[in-house]
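Notes for the one structure printed next.
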There are 2 protein chains.
Amino acid sequence: MTISEAAQHLGVSAHTLRYYEKIGLIRHVERAGGRRVYTSQDMAWLEFIMRLKVTAMPLARIKKIADLRYQGDATMDERKAMLLSHRENLKAEIVKLQGHLHALDRKIDDYTALQQQREQRETGENT
Amino acid sequence: MTISEAAQHLGVSAHTLRYYEKIGLIRHVERAGGRRVYTSQDMAWLEFIMRLKVTAMPLARIKKIADLRYQGDATMDERKAMLLSHRENLKAEIVKLQGHLHALDRKIDDYTALQQQREQRETGENT
DNA sequence: TGTTGACTTCGAGCATACTCCAACTTGTAC
DNA sequence: GTACAAGTTGGAGTATGCTCGAAGTCAACA
């Protein structure tokens, strides 16, 4: 897979993929005639990175997981612990957003009530 | 309420409150002897801003709602429409995060399975 | 009246995550 | 073999949202 194919597949730009390689999120990507060739393993790893990214994990923390991964199987427990911790954050985040959703609903209700008051005034129901 | 009280109450820094005033999220805050005095109405508005902020609305969009608010009641429909649209985004975001949570759970399961395999090898159950 | 400490303004600086540029190389198409 | 698209590198620049520093002001208390 070329860089532009990979980029399209992952929904990011080729620039971003080079950037991720530069900061070490993904390492020793093969080259053919100097050009990057992404294997299916590379893609699986990048997809996992994207998964962490969309759940608002900062690149610095993703980098830490990447570093551990490149150190080998001995770091598995630590990586699992990081994921478990991230899962808890994610669950808390979902609960928080649900709370904000309800608050937003109430605010919208306020607007609806104000609109109705205005309509009543305009149709002159009180005079 | 002084700026530091307001900041503490809202969970941001005084610097941030001045910044929000500078970019126009909140306007004509009273001064007493040159110092900001936040009224309960100011606080209600700032709390609403925070509510939007924690749901990942960019300051630029919040600014737009603030601009509309300062234009008066005539912009109520437009503001309500923005909130409705934001609510849809928020709902979609929650669904998305729930999906990512499940994906994360599966990844964690993978790690657990690998750990169990390793334990079996170490205790020599196969020889 | 002097000191303390929280406040003021303005502008510069910072962290994150890209995003772009310049100059050069490579593979394919004719 | 030459044109052209797509790729390469390193480094600089950008957008967002703060965050800090400098230099000065103000109120309250000893």
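Quick note: numbers below take in every heavy atom, side chains included, and nothing from hydrogens, waters or symmetry partners. A, B, ... follow the sequence lines: proteins, then strands. Residue 1 opens every chain.
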| request: Over all heavy atoms of both residues, which pair between Thr75(B) and Arg69(B) is shortest? Give the atoms and the distance, please. | output: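 Smallest interatomic distance, heavy atoms only, reads OG1-N, 4.1 Å.
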
| said: Heavy-atom nearest nucleotide on DNA chain D for Gly33(B) versus Ile3(A): which residue maps closer to 5'? | reply: Ile3(A)

| Which comes earlier along DNA chain D counting from the 5' end, the contact point of Val37(A) or that of Tyr19(B), where each point is its nearest nucleotide? |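 Its nearest nucleotide lies further toward 5', so the answer is Val37(A).
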
| query | So does Asp73(B) have more than 12 non-hydrogen atoms from other groups sitting under 6.0 Å from CG? | reply |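 Open.
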
| Does CD belonging to Glu47(B) count more than 12 external heavy atoms closer than 6.0 Å? |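 Yes, because the 6.0 Å sphere around CD of Glu47(B) holds more than 12 heavy atoms from other groups.
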
| query | Checking all strands, does Ser13(B) fall into the base, sugar-phosphate, or nothing category for heavy-atom contacts under 4.0 angstrom? | reply | nothing

| message | Students often get this wrong, so: under 4.0 angstrom with heavy atoms, is Arg18(A) touching a base, only sugar-phosphate, or nothing? | response |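 Touches a base.
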
According to a strict under-4.0 Å criterion, is [X] in side-chain N/O contact with OP1 or OP2 of [N]?
{"X": "Lys53(B)", "N": "dC18(D)", "answer": "yes"}
{"X": "Thr2(A)", "N": "dA6(D)", "answer": "no"}
{"X": "Arg36(B)", "N": "dC7(C)", "answer": "no"}

| task | For Thr16(A) and for Arg31(B), find the nucleotide of DNA chain C with the closest heavy atom, then tell me which residue's nucleotide is more 5'. | result | Arg31(B)

Expressed as a whole number of angstroms, how long is the span from [X]:[atom1] to [N]:[atom2]?
{"X": "Arg35(A)", "N": "dC24(C)", "atom1": "CZ", "atom2": "P", "result": "17 Å"}
{"X": "Arg61(A)", "N": "dT16(C)", "atom1": "CZ", "atom2": "P", "result": "12 Å"}
{"X": "Tyr38(B)", "N": "dA6(C)", "atom1": "OH", "atom2": "C1'", "result": "14 Å"}

| request: Run through Asp67(A), Leu84(A), Ile65(A) and flag the one making a side-chain contact (heavy atoms from CB on, under 4.5 Å) with Arg79(A). | output: Ile65(A)

